[in-house]
There are 2 protein chains.
Amino acid sequence: MTEQSAPTTAAGGQGSTARGEQTRQLILDTAMRLFRERGYARTTMRAVAQEAGVAVGNAYYYFGSKEHLVQEFYAGTQRDHREAAAPVLAREREFAARLAGVLHAGIDVLSPYHAFAGAFFKTAAEPTSPLSPFSAESSEPRDMSIALFREALTGSTVKLDDELREALPELLWLGYMGVVLYWVHDRSDGQVKTRQLIDGVVPLVDRLVGLSRLRVLRPATRQALALIHTLRH
Amino acid sequence: MTEQSAPTTAAGGQGSTARGEQTRQLILDTAMRLFRERGYARTTMRAVAQEAGVAVGNAYYYFGSKEHLVQEFYAGTQRDHREAAAPVLAREREFAARLAGVLHAGIDVLSPYHAFAGAFFKTAAEPTSPLSPFSAESSEPRDMSIALFREALTGSTVKLDDELREALPELLWLGYMGVVLYWVHDRSDGQVKTRQLIDGVVPLVDRLVGLSRLRVLRPATRQALALIHTLRH
DNA sequence: CGCCTATCTTGAACACGTTCAAAATCTGTC
DNA sequence: GACAGATTTTGAACGTGTTCAAGATAGGCG
C-alpha cells in the first residue's frame with residue numbers, strides 16, 4: 001500500500017484551484033512532452049523538474065510519484081476518446097459501425113504515445129497499484145469509458161435481450177482493453193494490425209450479438225450471463 | 001535466447017554445469033524464499049545477496065536483473081504445471097474435465113505466490129521486456145504451455161473441425177492468460193472466485209466448441225479463424 | 001504595516017537496482 | 001609445482017525515484 005504518502009498526494013488531488021495550479025499544469029505538460037520525446041524510462045524526474053524550471057521536490061508535491069503522471073495521461077486520453085468518438089456516434093446508427101468508430105477513435109487517440117505505451121501498460125497491470133484500470137481508484141475513467149460503449153450500443157438499431165443489453169457495455173470495454181493490449185504489442189507499421197483486428201472482430205461481435213437470440217444459443221447466453229453475475233458478487 | 005545481454009547473462013544461461021551451479025541455485029532459492037516472505041518490492045538485491053552469503057555483483061553475474069529472477073520463477077511454474085496436470089490428463093477423456101483439470105492445476109501451482117504475483121504480472125505486461133509471455137524470448141515456456149492445452153484437446157473425445165482443432169490450443173492458452181490475470185486481481189478468500197470462473201467458463205467453452213459445427217455458426221467460426229490467420233502474418 | 005497560518009518551493013539525503021574494473025579462484029598443461 | 005587463461009567473486013560507485021525538514025511566499029486580520 002502506497003497511500004501513506006500523506007500531504008503530498010492529498011494536496012495534488014483533483015480540485016486545487018489554488019495558486020499552484022499553473023505550476024502543476026506546467027510540470028504535467030513538460031512531463032508529457034518528455035515522455036513523447038524520450039519515452040518513459042529515459043525521462044527522469046530530475047529532467048522533468050529542470051525543464052519545467054522547478055525543484056524535484058516540487059514535482060512530488062503535485063504528483064505522488066512518476067507513475068501518477070501516467071495516470072494523468074490515462075485520464076486525459078479518456079476525455080480525448082470521448083471527443084474523438086462523438087462524430088461517429090452522432091452520424092451512425094448501425095451497431096457495428098458505432099462500435100468500430102469507438103474502437104478506432106480509442107486507438108487514434110493513443111497513437112502518438114505508442115512508443116511509451118508499454119510503460120503505461122506495465123503500470124496498469126499491477127493489481128495493488130491504484131493506477132490499475134480495474135482498481136477502485138480508477139473507477140471514474142473506467143466508468144466513463146464503459147459509458148462510451150453503452151452509448152454505442154443504446155444509440156444503435158440493434159435488437160437484443162435485455163439482460164445482455166445490460167451486461168454488454170462492460171464486456172465491450174473488456175474487449176477494448178484486449179485491443180489495447182494487442183496494440184501495445186503491435187510492432188507493425190503504424191499499428192496496421194490493430195486496425196485489422198478491429199475491422200475483423202467488430203462484424204464478428206455484431207453477428208454473435210444477433211445470433212444470441214437464436215434458440216440454440218439461448219442456453220449458452222444465459223449461462224454466460226449467470227457466470228458474469230456470479231463473479232461480480 | 002537471451003545471449004545479447006553481454007557476458008553477464010550469457011554465463012548464467014541454461015547449461016553451465018560449471019563450478020558456479022551451486023552458487024546460482026543458492027541465490028535463486030534465497031530470492032524465491034524472500035519473495036514469498038516479503039514480496040517482490042520489499043526484497044532488495046542487497047538482501048538476497050546478504051542472505052545467500054555472496055556479494056551483490058555475484059547475483060548479477062548469474063541473473064541479468066532482478067526481473068530475470070522472476071523469469072526463472074515463470075519457467076519453474078511451467079514445469080510444475082505440466083506435472084500437476086499429468087494425473088488428470090491420464091485419467092479423464094472428456095474435453096471439459098481435461099480443460100478444467102489443466103486450468104485448476106495452473107492455479108494450484110501459482111497459489112503460494114499470489115501475494116507477489118502482481119509484480120510478476122507487472123513485468124509480464126511490458127512488451128519491450130524479454131520477460132513478456134508474448135515475447136520471442138519467452139517462446140519456450142509459452143510453447144510448452146500451449147502444448148499442454150493441445151494435449152488436453154487431442155487426448156479428448158471431443159469432435160471438431162480440423163481448422164479449429166489446429167487453432168484452439170493457442171486460443172485456450174490465451175484464455176488461460178486471462179484466467180491468470182483475473183486470479184492476480186482476485187482478492188477473495190483463497191481466490192475462490194477464480195475457481196468459480198474456471199468451473200463456469202469451462203462448460204461454456206465446451207458447449208461452444210460443440211456448437212461450432214452447427215450450420216448457423218459455421219460462418220462465424222470461419223470468420224473468426226480467418227481473422228486469427230490474418231493477424232498471425 | 002506586522003503578524004499568523006496555510007500553501008508552496010527547495011535541494012540535500014536516502015535506498016535501491018545496476019555496473020564494472022579489479023581481485024580471487026579454479027582448471028588444464030608442461 | 002608453476003604458469004596461463006577462463007571462470008567466478010568482490011564491493012565501491014553511479015544514476016534513479018523518492019523523502020523530508022527547512023525555507024519562501026501569499027492571503028487574511030488587527
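In what follows, every heavy atom counts, from backbone to side chain, and hydrogens, waters and symmetry copies are set aside. Quick note on labels: first sequence line is chain A, next is B, and so on, each numbered from 1. Everything numeric here is computed off the predicted structure, so don't read it as measured data.
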Inset, instruction - Begin with the C-alpha distance, continue with both residues' side-chain angles, and end with the deciding distance and a verdict on salt bridge (charged side-chain N to carboxylate O under 4.0 Å, His left out) for B:R79 and B:E83. - result: CA-CA 6 Å; B:R79 284 188 297 271; B:E83 245 179 75; over 6 Å; no
Inset, instruction - Would you check, one step at a time, whether the test side-chain contact (heavy atoms from CB on, under 4.5 Å) holds for A:L148 with A:L89? - result: CA-CA 9 Å; A:L148 206 51; A:L89 291 179; 4.3 Å; yes
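A:H81 and A:D108 are not linked by any side-chain donor-acceptor pair at a separation below 3.5 angstrom, with hydrogens and angles left out of the test.
Rounding to whole angstrom units, NZ of residue B:K66 and P of C:dA15 are separated by 16 Å.
Sorted by residue number, the members of residues 44-54 of chain B with any non-hydrogen atom under 4.0 Å from DNA chain D read B:R46, B:V54.
Residue B:Y61 places at least one side-chain N or O under 4.0 Å from the OP1 or OP2 atom of D:dT8. Put simply, B:T23 has a side-chain N or O that comes within less than 4.0 Å of OP1 or OP2 on D:dT9.
A donor-acceptor pair under 3.5 Å is absent between the side-chain atoms of A:R150 and the main chain of A:E166, judged by distance alone. Proximity of a side-chain donor or acceptor of A:H114 to a complementary backbone N or O of A:D186 within less than 3.5 Å is detected.
Between B:E67 and A:A55, the one whose closest nucleotide on DNA chain C sits nearer the 5' end is A:A55.
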Legend entry - Annotated protein contacts, base or backbone, on nucleotides 19-28 of chain C with a non-hydrogen cut-off under 4.0 Å, one of B, S, - each: BB----BSS-
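Aromatic rings of B:F35 and B:Y113 (six-membered ring for Trp) have centroids beyond the 6.0 Å cut-off, not under it. The aromatic ring centres of A:F73 and A:F116 sit less than 6.0 Å apart.
Within the helix from C:dC1-D:dG30 to C:dC30-D:dG1, the inter-axis angle between the opening and closing five-pair segments is 20°, rounded to 10°.
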